[in-house]
Amino acid sequence: SKGGWSSFMAKEIADQPQAVADTLMGRLASDGSVRLSEIDGLTAEDIKNIDRIIMVACGTASYACDVAKYAIEKFARIPVQVELSHEFRYRDPIITANTLIVAVSQSGETMDTLMATRFAKEQGAKVLAICNTQGATLARESDATIYTHAGPEVAVASTKALVAQITAGYLLALFLAAGRNATEQKVLRSLGQELLKMPARVTQVLERLDDVRALGKEMANAKSVLFLGRNVGFPVAMEGALKLKELAYIHAEGFAAGELKHGPIALIEEGQPVIVIVPSPRDSDSLHPKVISNIQEIRARGAKVIAVAEDGDTDVANFAEHVIYVPSCENIFSSILTVIPLQVFALELSSAKGLDVDQPRNLAKSVTVE
Ligand code: M6R
């Protein structure tokens, strides 16, 4: 039931601290070490032999894969390719016995993803599923399954399943990194400990959403909204745009902020709303100043900039019209926090337009046809 919430989506957004905590439970010890007993079937030898990971998924689940790619490559040093299931299946992809396929699906019944994994299995690859539905077809057909414990998701728009998928992706990254000795164990444990703090931070994000709600209502007449991000903020930008399309029927696009000057900046005109996911100023890759200059470039051309930034980032306040602050955390884990205001923004905009947020037009919760 909706348990007093105005929609299933609103309830499922509120369930997110629990979804993250339950997905971590039993897998992350208090010292920060990761244990994934579900994939005990993969021997230490198997893990060492993986030479490539191909992640297959559709829609929102594919953005969870994009986030996982950043974490797996950074910590486990295994090349990761993210593929939309339907595109992957119908070309001639290169799959070997040392390719690990990771299929991500909330329902575990998405036909495109099932077809992609069946195909990969036929080519001799091992398939690991990340799935939210006990006993789903995907789980049954895979060699191993990491269940996301988000609980049943009813609203068509995926929210808590996504944060749970992202959480599982981070766990997998730390697990593979430890198994391959690709990052110092001490560093991995401290990252694990950081991950344990995420449910409380998700709660903090949920406690400060009034501004986002107001913005959503205010912008109900927007004709188009653009989203920009870098690193893990890029898939978050893509997800923000997808949510707005599917729930509010507004034209929206997500871009990697670095792409702006290669084309999309031509879209900017007076009053164009742009939501920018700003990386942490503490980030060692110094992406923060780069994104701040992007904000300056689009502001100079009339964009109305709404930034999602971490607490204490006072710099960004000098350049953006609105700043939505989220608690600070390791930049790589920030996607779990920055995506939430975008979910709420889409929900508010959709309700302000009087639309059915749980059941948008033309869409089904699980797409069981190709
Ligand atoms: O059940 P799945 O995770 O395989 O579903 C994949 C997509 O169909 C799904 O994420 C879709 O994009 C959602 N409606 C997004 O909110």
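In each ligand, atom 1 is the first atom listed, and ligand 1 is the first ligand listed.
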Tell me which protein heavy atom sits closest to [atom], plus the residue, atom name and distance to 0.1 Å.
atom                    : result
atom 11 (C) of ligand 1 : T60 N, 4.2 Å
atom 1 (O) of ligand 1  : S107 OG, 2.6 Å
atom 3 (O) of ligand 1  : Q106 N, 2.6 Å
atom 6 (C) of ligand 1  : C58 O, 3.3 Å

Whether A157 lies under 4.0 Å from ligand 1, heavy atom: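 The answer is yes, since A157 has a heavy atom less than 4.0 Å from ligand 1.
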Is it true that T113 lies under 4.0 Å from ligand 1, counting heavy atoms only?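 No, T113 has no heavy atoms under 4.0 Å from ligand 1.
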Does [X] use its side chain to pair, donor to acceptor, with the backbone of [Y] at less than 3.5 Å?
X    : Y    : value
T148 : C131 : yes
D112 : S85  : no
Y63  : I166 : no
R282 : C329 : yes

Which ligand 1 atoms does [X] reach within 4.0 Å, using its non-hydrogen atoms?
X    : result
G59  : 12 (O)
A61  : 3 (O), 10 (O)
V156 : 13 (C), 14 (N), 16 (O)
S158 : 15 (C), 16 (O)

Option whose closest heavy atom lies nearest to atom 2 (P) of ligand 1, chosen from T159, T110, L363, V104: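 Nearest heavy atom to atom 2 (P) of ligand 1 lies in T110.
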Given Q343, M9, E246, identify the one with the heavy atom nearest to atom 16 (O) of ligand 1.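 Considering heavy atoms of Q343, M9, E246, the nearest to atom 16 (O) of ligand 1 sits in E246.
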Test item: F75 and L174 side chains (from C-beta on) under 4.5 Å apart, heavy atoms: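 F75 vs L174: side chains touch.
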Without hydrogens or angle criteria, can the side chains of S335 and Y170 be said to hold a donor-acceptor pair below 3.5 Å?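 The criterion, which ignores hydrogens and geometry beyond distance, is satisfied for Y170 and S335.
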Can you find an N or O of V367 that's nearer than 3.5 Å to an N or O of ligand 1?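 Such a contact does not occur with ligand 1.
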Could you go step by step and tell me if D66 and K69 meet the salt bridge (charged side-chain N to carboxylate O under 4.0 Å, His left out) rule? CA-CA 5 Å; D66 289 329; K69 172 185 168 86; over 6 Å; no
Using the side-chain hydrogen bond (donor to acceptor under 3.5 Å, both in side chains) definition, which of the options N132, D22, D15 pairs with K160?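 Answer after filtering N132, D22, D15: D15.
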Side chain, backbone, both or neither: which part of K243 has a heavy atom under 4.0 Å from ligand 1?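 It is the side chain that gets close, since no backbone atom is under 4.0 Å.
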Report the C-alpha distance between Q16 and T159 in whole Å, list the side-chain angles of each, state the deciding distance to 0.1 Å, and finish with yes or no for side-chain hydrogen bond (donor to acceptor under 3.5 Å, both in side chains). CA-CA 8 Å; Q16 293 183 112; T159 54; 4.6 Å; no
